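Take a look at the structure below.
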Amino acid sequence: MRILQLHCDNIEYSPIKKEISSAEDIDPKSKRFEEIVVVFVAIEEGDDKTVASNAILQIKDSMKKIDCQKLLLYPYAHLSSNLASPNTALLVLKEMESLASDLEVYRAPFGWTKSYKLQVKGHPLAENSKVITKESIDDSSTALKTESKIKSFWHIMTPDGKMHDISSFNFSKHKNLEVLAKYESAKKRSVDEPPPHVRLMKKMAIADYEPASDSGNMRFYPNGRLIKSLIERYVNEKIHEYGGLEVETPIMYDSHHPSLESYFNRFPARQYNINSEGKHLILRFAACFGQFLMATDFQLSYKTMPLKLYELTRYSFRREQSGELVGLRRLRAFTMPDCHAFCTDMKQAVEEFRKRFDLSRNVIHGLGLEESDYEMAIRFTEDFYNENKSLIEETVKKIGRPVLVEMWKEKFFYFVLKWEFNFIDNLGKASALSTDQIDIENGQRYNITFVDEQNKPQFPIILHNSPSGAIERVIYALLEKAAKDSREGRKPHFPLWLAPTQIRIIPLKPEFLEYCEKLADSIGNKNIRVDIDDRNESIGKRIRDAETEWIRYILVIGEKEMSSKNLNVRDRESGAVNEILMDDFILEIQKQIEGKPYSQLNFARHVSQRPQIMV
RNA sequence: GCCUCGAUAGCUCAGCCUGGUAGAGCGAACGCCUCGUAAGCGUUAGGCCACGGGUUCAAACCCCGUUCGAGGCUCCA
């Protein structure tokens with residue numbers, strides 16, 4: 001079904017003549033309505049009562065927003081080229097009419113050629129067009145329906161545990177928090193440039209769109225793959241340290257599997273669908289189901305809890321609306337660490353929750369993002385707040401600055417508590433990075449059981465944690481941060497451990513190349529990424545190129561260096577050239593990349609041997 | 001998904017309004033230069049002007065559609 005919904009000052013129509021034999025028998029009188037929502041409807045092949053009810057649900061939802069109680073259903077075939085038979089169409093239309101009977105509802109005659117005149121209101125919500133399918137019934141699900149009904153209260157909580165009203169809170173020292181808090185009500189910002197990270201992800205030869213794939217599925221060039229893989233390894237290591245057991249689960253699932261069916265119904269987003277040998281498969285949008293199904297088959301005792309399963313999903317898929325996709329910020333295929341902890345009871349869950357909060361903060365900082373780069377939001381049900389006030393206050397105190405609070409009157413997701421760290425970018429967009437949730441529903445849904453001290457089976461409480469958020473989104477955040485540095489007059493850079501090249505050696509003349517090779521060997525042996533710009537270009541040119549590649553250290557090698565024990569190091573951070581002992585220099589670098597994973601150069605050592613990816 | 005805007009050389013863009021031989025810089029290839037901390041010099045190649053239709057004697061340019069991208073809306077578990 002396709003609908004076009006218009007909020008009108010008035011509409012006037014006159015039935016002219018019957019267009020089809022099955023047209024309704026009516027008295028062809030002109031009608032006129034004032035202050036009304038007109039919904040043009042095209043009923044398509046396969047539409048039925050559920051589609052009708054979904055459509056009315058959505059129409060009512062938006063009518064509530066614009067505060068209008070009057071509805072005109074106007075059959076309009078021209079919205080679709082795949083129309084249902086007139087008989088079905090009329091039935092569906094009448095169904096819609098009766099479903100909307102709590103409003104003041106009218107219906108224009110079906111099967112007639114009509115002339116009409118209407119005046120549409122000028123406000124932003126006045127015009128709206130939607131495609132409604134059976135599938136979107138499944139998709140829009142309980143979660144969406146409940147969400148529109150649910151009451152939530154927004155506050156700011158300060159580190160002293162006090163709740164403040166958003167409207168009266170003084171944001172002057174917390175600009176980013178204000179952006180986050182007002183994000184939903186934020187009015188149009190006129191931005192006519194693409195987000196800075198999109199230009200950078202291409203310019204730095206990290207990632208790019210792949211037109212031959214679906215939108216939101218990116219390609220990663222050697223630099224991007226190196227950076228992504230280092231971040232992935234870092235997150236893996238941190239979760240291993242925390243005690244996560246790394247597993248691997250399938251990326252596609254039977255949508256009619258009994259445990260999954262009701263779970264999928266809990267999520268509004270659309271999935272990628274694959275039909276294969278009569279099965280309807282969906283691509284996973286998180287690692288939850290794979291791990292839950294696995295845990296169901298484990299034999300668990302309270303002694304083995306908490307059990308922590310972990311997977312870095314490459315990939316998770318969410319078929320976001322095409323208009324929502326942006327660079328590396330919002331994708332349809334992304335890599336996400338997903339770590340679940342199965343806990344015996346709320347006490348254990350809370351204890352675990354604390355560890356994971358610290359872990360997440362730790363990981364975010366290790367990735368090169370600072371306190372000032374993100375704002376925290378914490379959401380919980382009123383009941384949970386009343387029973388666990390001190391946990392929430394303690395968590396906010398740890399962050400040490402005000403956080404955004406959303407409190408729900410009742411539970412409508414599967415969790416009772418959830419927090420996220422939100423990165424705020426150059427265009428004032430907020431995106432969630434780390435997150436953790438306390439889930440009290442899915443243990444039962446998936447029939448995951450452990451036996452307690454009395455040898456009785458129990459359902460665990462499950463925590464869902466992504467300590468870094470999607471890896472692509474981490475890269476987005478790092479690039480946006482670099483863009484911000486650049487805009488504010490600082491030199492943009494990656495954390496040294498993520499830099500595709502950490503040291504560049506530039507021989508002054510070709511005859512020094514051999515010496516440079518040896519130097520590069522001995523630096524490379526210390527697990528430092530070093531390359532050599534052996535191109536026949538001027539020294540100035542090669543230094544400039546190294547600068548534009550954000551390479552931190554440059555070693556120019558000439559007669560002087562070959563005959564000296566010291567290295568001549570140009571540090572991009574300061575722009576200064578310093579003489580320094582080789583060992584001290586290595587030490588300086590090692591100190592900065594300590595505790596971080598290392599990978600070899602993902603390009604030829606010689607710059608002259610490299611393909612030109614982006615200028 | 002909807003509305004608006006955009007797509008011209010590998011990259012960044014001019015040309016389009018007012019239809020008549022396709023432009024620049026960077027990059028690439030080749031040659032010269034052999035250099036001391038952010039662009040040395042020259043020559044050459046490179047374009048079915050996103051794709052498909054239409055209008056016209058003639059379309060990169062005007063019109064319609066499609067694809068992809070961006071902004072806004074909706075959405076963001």
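The structure presented is a predicted model; accordingly, all values stated were derived computationally and were not measured. Just so it is clear: chains get the letters A, B, ... in the order the sequence lines come, proteins before strands, and each one is counted from 1.
- By the 30° and 60° cut-offs, the orientation of the rings of A:W408 relative to A:F415 is tilted.
- The shortest distance between the side-chain N/O atoms of A:K509 and the OP1/OP2 oxygens of B:rU34 is not below 4.0 Å.
- Using Watson-Crick or G-U wobble geometry with both donor-acceptor distances under 3.5 Å, B:rG47 finds no partner in any strand shown.
- Rounded to whole Å, the separation between the P atoms of B:rC51 and B:rA7 comes to 13 Å.
- Between the side chains of A:Y272 and A:D214, at least one donor N or O sits under 3.5 Å from an acceptor N or O.
- Aromatic ring orientation, A:H340 versus A:F292: perpendicular (interplanar angle above 60°, classes split at 30° and 60°).
- Among the protein residues, A:K560 comes within range of the nucleic acid bases, having at least one heavy atom under 4.0 Å from a base atom.
- Counting only heavy atoms from C-beta outward, the side chains of A:D208 and A:I613 never approach each other to under 4.5 Å.
- Not counting sequence neighbours, the partners of A:A470 by the side chain to side chain contact (heavy atoms under 4.5 Å, CB included) test are A:F334, A:M336, A:E472, A:R473.
- Shown here, B:rU56 forms no base pair; nothing in the strands shown gives a Watson-Crick or G-U wobble contact with both key distances under 3.5 Å.
- Separating the P atom of B:rG72 from that of B:rG52 is a span of 32 Å, rounded to the nearest Å.
- When the P atom is compared between B:rG19 and B:rG46, the two are found 31 Å apart, to the nearest whole Å.
- No donor-acceptor contact under 3.5 angstrom links the side chains of A:Q437 and A:D439, judged on distance only.
- Rounded to the nearest Å, the gap between the C1' atom of B:rU44 and that of B:rC48 is 23 Å.
- Rounded to whole Å, atom P of B:rA70 lies 13 Å from atom OH of A:Y476.
- Residues passing the side chain to side chain contact (heavy atoms under 4.5 Å, CB included) test with A:H493, sequence neighbours excluded: A:D485, A:R572.
- For the 3.5 Å distance criterion, the side chains of A:N176 and A:E375 fail to qualify, holding no donor opposite an acceptor.
- Contacts of A:G558 with the nucleic acid, taken as non-hydrogen atoms under 4.0 Å apart, include base atoms.
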Under 3.5 Å, N/O pairs linking protein and nucleotides 31-33 of chain B:
| unit_1 | atom_1 | unit_2 | atom_2 | d |
| --- | --- | --- | --- | --- |
| B:rC33 | N4 | A:N536 | ND2 | 2.5 |

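- Under the side chain to side chain contact (heavy atoms under 4.5 Å, CB included) criterion, A:A341 pairs with A:Y242, A:K308, A:C343, A:E352, A:R356, A:L463, not counting sequence neighbours.
- Taking 4.0 angstrom as the limit, A:S538 places a side-chain polar atom (N or O) nearer than this to OP1 or OP2 of B:rG40.
- With distances taken from any side-chain atom of A:Q612 to the nucleotides B:rG71, B:rA28, B:rU37, the minimum falls on B:rA28.
- A sub-4.0 Å separation between OP1 or OP2 of B:rC75 and a side-chain N or O of A:K429 is absent.
- A 3.5 Å limit on both hydrogen-bonding distances identifies B:rG31 as the Watson-Crick or G-U partner of B:rC41.
- Between the side chain of A:R314 and the backbone N or O of A:T335, no donor-acceptor pair lies under 3.5 Å.
- For A:R570, a side-chain nitrogen or oxygen approaches OP1 or OP2 of B:rA38 to under 4.0 Å.
- Looking at the side chain of A:P195, the nearest of the listed nucleotides B:rU34, B:rA38, B:rA70 is B:rA70.
- Base contact: A:E559 has a heavy atom under 4.0 Å from a base atom.
- Spacing between B:rC63 and B:rU55 at atom C1', rounded to whole Å, works out to 7 Å.
- Separating the P atom of B:rG15 from that of B:rA24 is a span of 15 Å, rounded to the nearest Å.
- Aromatic ring orientation, A:F380 versus A:Y385: parallel (interplanar angle below 30°, classes split at 30° and 60°).
- The residue A:R542 sits apart from the nucleic acid: no heavy atom pair falls under 4.0 Å.
- For the contact set between residues 208-223 of chain A and RNA chain B, defined by any heavy atom under 4.0 Å, the members are A:Y209, A:S215.
- Listed candidates were B:rG72, B:rA38, B:rG71. Nearest to the side chain of A:L427 is B:rG71.
- Note: A:F357 and A:F353 have parallel aromatic rings, judged against thresholds of 30 and 60 degrees for the angle between ring planes.
- For the residue pair A:T501 / A:E549, no side-chain donor-acceptor distance below 3.5 Å is found, with atom types taken as modelled.
- Across all strands shown, B:rC68 pairs with B:rG6; the Watson-Crick or G-U wobble distances both stay below 3.5 Å.
- Rounded to a whole angstrom, the distance from the C1' atom of B:rU67 to that of B:rG27 is 28 Å.
- Backbone-only engagement by A:L325 is indicated by non-hydrogen atom pairs under 4.0 Å involving sugar-phosphate atoms exclusively.
- Pair assignment for B:rC73 gives B:rG1, based on Watson-Crick or G-U wobble hydrogen-bonding distances that are each under 3.5 Å.
- Here A:I539 lies in heavy-atom contact (under 4.0 Å) with sugar-phosphate atoms only.
- If you check B:rU21 for Watson-Crick or wobble pairing at under 3.5 angstrom, you find it has no partner at all.
- Distance from the side chain of A:E547 is smallest to B:rA38 among B:rA38, B:rG36, B:rU34.
- B:rC5 sits 13 Å from B:rC62 when the P atoms are compared, rounded to a whole Å.
- Under the 3.5 Å distance criterion, with hydrogens and angles disregarded, a donor-acceptor pair is assigned to the side chains of A:E517 and A:H606.
- Comparing B:rU37, B:rU34, B:rA39 by their closest approach to the side chain of A:P510 singles out B:rU34.
- Side-chain contact annotation: A:Q271 with A:Y253, donor-acceptor N/O pair under 3.5 Å absent.
- The nucleotide whose nearest atom lies closest to any side-chain atom of A:L508 is, among B:rG36, B:rU37, B:rG71, B:rG36.
- A:E420 comes within contact range of no nucleotide atom at all, as no heavy-atom separation falls under 4.0 Å.
- Residue A:T548 has its side chain nearest to B:rA38 when only B:rA38, B:rG71, B:rG36 are considered.
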Using the 3.5 Å cut-off, write out each protein N or O paired with an N or O of nucleotides 1-6 of chain B and the distance between them.
| unit_1 | atom_1 | unit_2 | atom_2 | d |
| --- | --- | --- | --- | --- |
| B:rG1 | N9 | A:Q321 | OE1 | 3.4 |

